[in-house]
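Report on the following structure.
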Amino acid sequence: MEPRDLSSHAVYRAGRGIEEVARELGLDPDDLVKLSSNENPFGASPKAADAVREHADRVASYPKTSHTDLTAKIADRHGVADEQIWLTPSGDTALDYLARAFIDPGQRVLVPTPGFAYYPMSARYHHGEVDEYRMEKADDFAQTPETVLDAYDGHRIVYVTSPHNPTGSEMALDDVRTVAEETDDQTLVVYDEAYIHFTDSPSAVDMVEERDDVAVVRTFSKAYGLAGMRLGYAVTPEAWADAYARVNTPFSVTELTCRAGLAALDDDEHVEKTVETAKWAREYMHENLDARTWESGGNFVLVEVGDASAVADAAQRRGVIVRDCSSFGLPECIRITCGTREQTRRAVETVNEVLAEVSA
Ligand SMILES: *Cc1c(COP(=O)(O)O)cnc(C)c1O
């Protein structure tokens with residue numbers, strides 16, 4: 001026998017891992033700078049790492065109290081009821097849970113292009129069909145209500161990313177509200193705030209309180225430095241608590257993940273250092289890269305380099321791993337994650353060298 005027809009399902013192309021690249025190039029991983037996956041350059045919150053060690057011997061039991069406690073803590077932070085927090089093993093899984101709860105087979109969803117590859121993947125896993133709305137380079141990837149609404153045709157879910165990956169552009173909350181208002185009652189607006197910590201723009205969580213057709217997605221992978229733990233959540237209208245209970249895979253968020261999340265939420269110092277450095281790095285890249293860059297609200301900058309694949313390969317041979325944005329539909333751009341000051345300076349120097357060589 002065979003799996004069902006998966007030909008319309010794309011494979012997720014992740015940024016390359018540091019050990020993978022080191023092995024391939026015969027280099028010491030410590031000599032490489034990896035700025036390709038928007039991870040936290042300072043690593044995990046130290047408090048979270050301690051919590052993982054401290055609770056290591058608890059993994060024989062299913063997670064129960066830790067899940068309840070983490071849900072309550074997140075809800076408290078947002079000033080919402082515990083039932084409104086759908087805790088999930090990663091932001092990607094929060095997208096899956098929403099798709100599980102909302103998509104009937106054959107229903108259509110609307111995703112941004114360029115955009116995050118997992119929206120269409122998740123929708124297709126859940127037997128949805130995918131249409132795209134375009135963000136234009138000529139408009140600096142502006143996200144206006146029209147960007148979305150011009151392509152809207154009664155879709156079941158509309159995905160909005162702000163700050164947007166990989167462009168860094170943002171959609172103002174009033175514009176998100178307009179999208180939610182102008183679309184059908186039965187259209188869910190999924191507002192992905194994976195990079196919210198890195199912008200001064202407000203969160204859409206208040207809009208979840210105001211309306212019944214908006215859900216906010218969050219992750220612990222970026223600002224908290226817990227990409228390897230896999231932890232995220234959705235903030236949803238209170239009326240959907242029953243849906244979460246029905247779509248949740250039992251005990252999907254692990255004991256150690258919950259403990260790490262609880263500790264990370266108390267580590268303001270780590271988040272502050274991370275955000276401050278990312279803001280510095282964005283400015284540094286805008287000012288010093290010999291290439292076109294775009295304003296970014298995230299912990300990364302999009303850079304126009306011509307042949308992204310060639311530039312990313314050449315930078316990698318010099319020990320700096322950046323993201324070739326071909327898989328995002330931008331074969332002329334790379335995305336550079338904000339590193340520490342030292343990493344960011346090295347990345348800029350390396351990319352500038354590569355660009356000079358290419359144009360020579
Ligand atoms: C990183 C990211 C996520 C979630 O990442 P997880 O590691 O799965 O939590 C969601 N949306 C966007 C746009 C992202 O860049």
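Indexing begins at 1, ligand by ligand and atom by atom, following the structure's order.
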Residues [X], [Y]: salt bridge by 4.0 Å N-O rule:
{"X": "R259", "Y": "E255", "value": "yes"}
{"X": "K47", "Y": "D50", "value": "no"}
{"X": "R177", "Y": "D174", "value": "yes"}

Answer yes or no for Y195: is there a heavy-atom contact with ligand 1 below 4.0 Å? yes

Could you tell me which atoms of ligand 1, counted from 1 in the order shown, lie closer than 4.0 angstrom to a heavy atom of [X]?
{"X": "T161", "result": "13 (C)"}
{"X": "K222", "result": "1 (C), 2 (C), 3 (C), 5 (O), 14 (C), 15 (O)"}
{"X": "D192", "result": "10 (C), 11 (N), 12 (C), 13 (C)"}
{"X": "S221", "result": "6 (P), 7 (O), 9 (O)"}
{"X": "A194", "result": "2 (C), 3 (C), 10 (C), 11 (N), 12 (C), 14 (C)"}
{"X": "S90", "result": "8 (O), 9 (O)"}

Any donor-acceptor N/O pair, T93 side chain to D96 backbone, under 3.5 Å: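 The answer is no, because no donor-acceptor pair under 3.5 Å joins these two groups.
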
Short question: side chain of Y233, backbone of V216 - any donor-acceptor pair under 3.5 Å? no

